[in-house]
Amino acid sequence: MESMIVLISGTATGIVAGLFGVGGSFLLVPLLSITTSIPMELIVGSCACQVLGPATAASLSFRQRRRDLRIPCILMGGIIAGTLWGSASLDQLKGQIATNPDLLTNIVQITYLVLLWSLGLFSLWESMLHQRGRPIPIGWARFKWLRPTCEVFGRNRRHQVSIISLSWFGVFVGFLSGFIGLSGGVIILPGLHYAYGIPTKRAARMSMLLVWLIAFQATIIHAIYQRVDLQTVMILLLGGTLGAKLGVQLSDRMSGGALRQHFAWLLLFTAAGLSIYSLLK
């Protein structure tokens, strides 16, 4: 029964991965922690590993352009450093509270709750303003005065973006990946669009490529700390890889505004479900 739950969860997160250009671990980690008896540290490591399946399928389905590789390459330096930092922090925290493993689960779940509610409410607010013809300003983190800079393509023209700003954004994403098993896409997608002014569908392609790179190096790091359960990963990969192809096909049929609105509701429903569970348990 538990294996079936893992398979269904992997398939659902694969569809989400292909649809929004995210890894889906923001759904998978709290879902598995609620429905299975797998220890939290194994859930975090295994979910970071399983993202390789849907991320590979979705990345191959997207039509990557050479100019879209510039931002992922810059971000990866900060992401690697952040992942090492986050994973070491998780291991240190686990050692400090070894006598109370439930506390680690609660800390990870609370971190997810804060993140999901914040991103979901913001994304829904933005999509409502966009529908009313009053879109919020985007590109506020370009910091083109903070050199060196690189050139990126915005909605209507090219822009200069600070490499230092992008690198620190990568550190933040990497820390969340290492600490709570987040694949990063749930942060990268809105971050690239709102903070750096990159159109939604182009940001989704970049996000999916970065999710793959994050999952690859996070798998190695979590394996070193012995936090990967291969049986769980194999079941998740089976469902996630198939689901990702379906998600990409659905994504091609939607506009950028519709994708952001559906993404917001997905975050809010996930946050609401996790909040209800936390209150009732």
Side-chain angles (χ1 to χ4, degrees), residues 20-23 26 55 59 62-89 111 114-115 118-119 121-123 125-127 129-130 134-180 182-218 221 256-257 259-260 263-264 267:
F20 300 111
V22 300
F26 70 96
S59 295
F62 281 125
R63 299 174 183 175
Q64 299 288 353
R65 304 175 185 176
R66 185 179 300 176
R67 65 189 184 187
D68 290 339
L69 301 179
R70 190 177 304 166
I71 300 300
C73 288
I74 294 172
L75 285 172
M76 269 313 296
I79 287 173
I80 291 173
T83 304
L84 289 169
W85 179 25
S87 188
S89 299
T111 305
V114 173
L115 187 65
S118 301
L119 286 173
L121 290 172
F122 173 79
S123 298
W125 172 70
E126 186 278 335
S127 65
L129 289 179
H130 181 78
R134 295 185 297 171
I136 65 172
I138 62 175
W140 52 268
R142 292 187 185 122
F143 299 151
K144 58 184 179 181
W145 47 268
L146 185 61
R147 300 186 180 277
T149 62
C150 69
E151 189 177 66
V152 299
F153 291 82
R155 281 179 173 171
N156 301 316
R157 58 189 179 89
R158 300 177 181 182
H159 301 284
Q160 295 296 320
V161 175
S162 170
I163 293 177
I164 295 175
S165 174
L166 284 169
S167 298
W168 277 107
F169 177 54
V171 170
F172 174 67
V173 173
F175 179 83
L176 291 176
S177 174
F179 188 70
I180 61 175
L182 198 68
S183 58
V186 68
I187 300 292
I188 295 171
L189 176 61
L192 289 179
H193 177 71
Y194 297 116
Y196 297 101
I198 298 173
T200 305
K201 289 197 173 183
R202 187 175 295 162
R205 288 197 297 267
M206 294 181 184
S207 174
M208 199 71 262
L209 179 59
L210 277 165
V211 165
W212 187 91
L213 293 170
I214 291 170
F216 181 75
Q217 52 96 25
I221 294 171
L259 278 174
R260 294 197 300 276
F263 184 64
L267 294 175

Give every donor-acceptor pair under 3.5 Å between a side-chain atom in residues 161-170 and any protein atom, sequence neighbours left out.
unit_1, atom_1, unit_2, atom_2, d
S162, OG, L146, O, 2.8
S162, OG, I164, N, 3.3
S162, OG, S165, N, 3.3
S165, OG, A141, O, 2.9
S165, OG, Y196, OH, 2.9
S167, OG, I163, O, 2.9

Check: L119 and I187 side chains under 4.5 Å, non-hydrogen atoms: yes
Side-chain heavy-atom pair I79, V171 within 4.5 angstrom cut-off: no
All ring pair (Phe, Tyr, Trp, His ring centres under 6.0 Å) counterparts of F143, not counting sequence neighbours: W145
Residues that S89 engages under side-chain contact (heavy atoms from CB on, under 4.5 Å), provided they are two or more places apart: W85, F175, F179
From I198 atom CD1 to I71 atom CD1, the distance as rounded to the nearest 0.5 Å: 5.0 Å
